[in-house]
Amino acid sequence: MKTYDLRSDTITKPTDAMRKAMAAAEVGDDVYFEDPSINKLQEMAAELTGKEAALFVSSGSMGNLISIFLHAGQGREVLCHRDSHIIHHELSSGSALAGAALIGLEGGRGKLNPGALSSAVRPDRYDNCRSGMVELENTINGVYYRRVELKAVSDFAVAAGLPVHMDGARLFNAALASGMTVSEIAAHADSVSFCLSKGLGAPVGSCLCGSKEFIKEARRIRKMLGGGMRQAGILAAAGIYALENNVERLADDHAAASRIAEALSGCSWAELEPADVETNIIFFNTVGRSAGQVVESLAEKGVLGSSDGASTIRLVTSLAVGGGDIDDICSIIEGEA
Ligand SMILES: Cc1ncc(COP(=O)(O)O)c(C=O)c1O
């Protein structure tokens, strides 16, 4: 039986061509700034995001943590959405290690808005914690910020004197879905991180981008966290390959997710509006059966998904599935009683 892995876009494995690029990478000691592949990846990331500089970091979590260290720091609040990755899946590292408080705000479909942000900024009293930064995630659970929404958040932040960090783990998906360029999106944030190891298909790594001064300090915090790298150009080469070869194909993942959403919308046990699926991540509720039961039953037929609640299932498309796989996946879903 063939298995179709829709648990996450992090399950992708480097292709032969990517492995070849890794094997051929020129390397050097990055603590001496001497790894040509890392330097090249960082230059590409800075150019793509329209920022002055970039830093290769081991993970999206590390990029977010470094930004919290630098923008908020000890005793300040990070204003973010209550559904955000830094709240749910990063072990509160922003609090545990950077000393900031993570404040989870309400907002439709995971997105921040000026109303929620302004009600979270405390009056300027000596015993009040100060806001330190705004953190937004784009895409968040597969949903992207519209241009006007980004502008509203960044206008608020500028007026409030708060720096913005964008967790752009899936920044390229957001660009594709919104029709904005990556740099147009990133212009609404002081710093932005994107992951190479999700839909872009690299085995490891993220890029944190921002001003020269911010990245200079970020390098120090990365070192403090034990993230200084040596001949990691082998990994950066996978990132370069991903940026050169795997960005445009994200459109295939979005189209595949739409097709799967259409198939699900015809199933009595699934509740979703296909138009709500905006990129490569499908969330839906089950009806009459628990999410666990449905995930188990689909897995027995070869379609792997994940359930993070009693009635919610997540399916994610990526380069791990493509072409005829999507027809098979839709047939299995449609055949699920
Ligand atoms: C939105 C978002 N931000 C950050 C991360 C963290 O990335 P990493 O797993 O590389 O630490 C993830 C990982 O899934 C994510 O989905």
Side-chain angles (χ1 to χ4, degrees), residues 1-25 37 41 44-45 48 56-63 85 89 137-142 144 167-177 182 193-207 232-261 277-283 295 298-299 302-308 313-330 332:
M1 184 180 70
K2 193 165 172 190
T3 299
Y4 305 102
D5 198 340
L6 301 177
R7 288 171 303 159
S8 175
D9 51 7
T10 57
I11 52 88
T12 54
K13 294 180 185 163
T15 57
D16 288 345
M18 183 179 275
R19 285 169 192 260
K20 232 170 146 179
M22 294 170 76
S37 302
L41 173 66
M44 286 171 81
L48 278 165
F56 185 45
V57 292
S58 65
S59 65
S61 302
M62 185 183 270
H85 200 271
H89 302 295
E137 196 174 308
N138 194 19
T139 61
I140 178 155
N141 292 329
Y144 67 92
D167 173 356
R170 297 180 180 82
L171 182 61
F172 292 86
N173 299 84
L176 184 61
V182 163
S193 50
F194 65 82
C195 290
L196 298 158
S197 57
K198 303 204 160 51
L200 296 181
V204 68
S206 288
C207 293
I234 286 182
L235 301 173
I240 293 168
Y241 182 91
L243 290 175
E244 286 176 345
N245 296 279
N246 291 347
V247 171
E248 281 171 20
R249 63 149 308 285
L250 292 174
D252 300 342
D253 298 345
H254 293 195
S258 290
R259 284 187 55 208
I260 294 170
V277 176
E278 300 183 351
T279 59
N280 67 327
I281 302 183
I282 304 158
F283 271 100
V295 164
L298 287 173
V303 174
L304 306 185
S306 51
S307 145
D308 47 359
I313 292 180
R314 188 182 82 156
L315 302 176
V316 187
T317 53
S318 68
L319 51 73
V321 289
D325 292 349
I326 308 304
D327 291 334
D328 293 349
I329 291 165
C330 290
I332 292 169

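The residues of the chain are indexed from 1 along the displayed sequence. No hydrogens, no waters, no symmetry mates; every other heavy atom, side chains included, goes into these values.
- The closest donor-acceptor contact from the side chain of Asn280 to the backbone of Thr317 lies under 3.5 Å.
- Two residues are said to be in side-chain contact when any heavy atoms from C-beta on lie closer than 4.5 Å; Asp167 and His85 meet this criterion.
- The shortest side-chain heavy-atom distance between Arg170 and Ile281 falls under the 4.5 Å cut-off.
- Minimum heavy-atom separation, Leu200 to Met18: O-CE, 4.1 Å.
- Minimum interatomic distance between Gly199 and Arg249 (heavy atoms only, all atoms of both residues): O-NH1, 4.0 Å.
- Among all heavy-atom pairs drawn from Arg314 and Ser8, the shortest one is NH2-CB, 3.6 Å.
- The pair Lys20-Asp16 fails the salt-bridge criterion, with no side-chain N (NZ, NE, NH1 or NH2) lying under 4.0 Å from an Asp/Glu carboxylate O.
- A donor-acceptor pair is defined here as one N or O able to donate and one able to accept, closer than 3.5 Å; no such pair exists between the side chain of Asp328 and the backbone of Asp325.
- Taken to the nearest 0.5 Å, the OG atom of Ser206 stands 5.5 Å off from the NZ atom of Lys198.
- The two atoms that bring Ala237 and Ala21 nearest to each other are CB-O, 3.6 Å, heavy atoms only.
- Looking at every heavy atom in both residues, Ala232 comes nearest to Phe56 through O-CE2, 4.1 Å.
- Atoms CG and CG, from Asn173 and Leu250 in turn, are 5.0 Å apart once rounded to the nearest 0.5 Å.
- With a 4.5 Å cut-off on side-chain heavy atoms, Tyr144 and Leu176 do not count as touching.
- Distance CE/Met62 to OG/Ser193: 12.5 Å, rounded to 0.5 Å.
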*Would you please test Leu41 and Leu235 for side chain to side chain contact (heavy atoms under 4.5 Å, CB included) and show each step?*
CA-CA 10 Å; Leu41 173 66; Leu235 301 173; over 6 Å; no
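- Ile240 has its side chain out of reach of Leu243: every pair of non-hydrogen atoms, C-beta onward, lies at least 4.5 Å apart.
- Tyr4 contributes atom OH, which lies 9.0 Å from atom CD1 of Ile326 (distance to the nearest 0.5 angstrom).
- In terms of heavy-atom proximity, Ala25 sits nearest to Gly233 at CB-O, 3.6 Å.
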_Candidate pair Ile260 and Leu6, rule side chain to side chain contact (heavy atoms under 4.5 Å, CB included), full reasoning_ = CA-CA 11 Å; Ile260 294 170; Leu6 301 177; 4.2 Å; yes
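- With rounding to the nearest 0.5 Å, the separation of CG in Leu48 from CG in Leu171 is 9.0 Å.
- Open room surrounds CD on Glu248; 12 or fewer heavy atoms of other groups in view lie less than 6.0 Å from it.
- Between Thr15 atom OG1 and Asn245 atom CG the span is 8.0 Å, to the nearest 0.5 Å.
- Looking only at distances, a side-chain donor or acceptor of Thr279 sits under 3.5 Å from a matching main-chain atom of Gly142.
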*Report the C-alpha distance between Val182 and Phe194 in whole Å, list the side-chain angles of each, state the deciding distance to 0.1 Å, and finish with yes or no for side chain to side chain contact (heavy atoms under 4.5 Å, CB included).*
CA-CA 10 Å; Val182 163; Phe194 65 82; 5.8 Å; no
*Step by step, work out the side chain to side chain contact (heavy atoms under 4.5 Å, CB included) result for Arg259 and Asp327.*
CA-CA 9 Å; Arg259 284 187 55 208; Asp327 291 334; 2.3 Å; yes
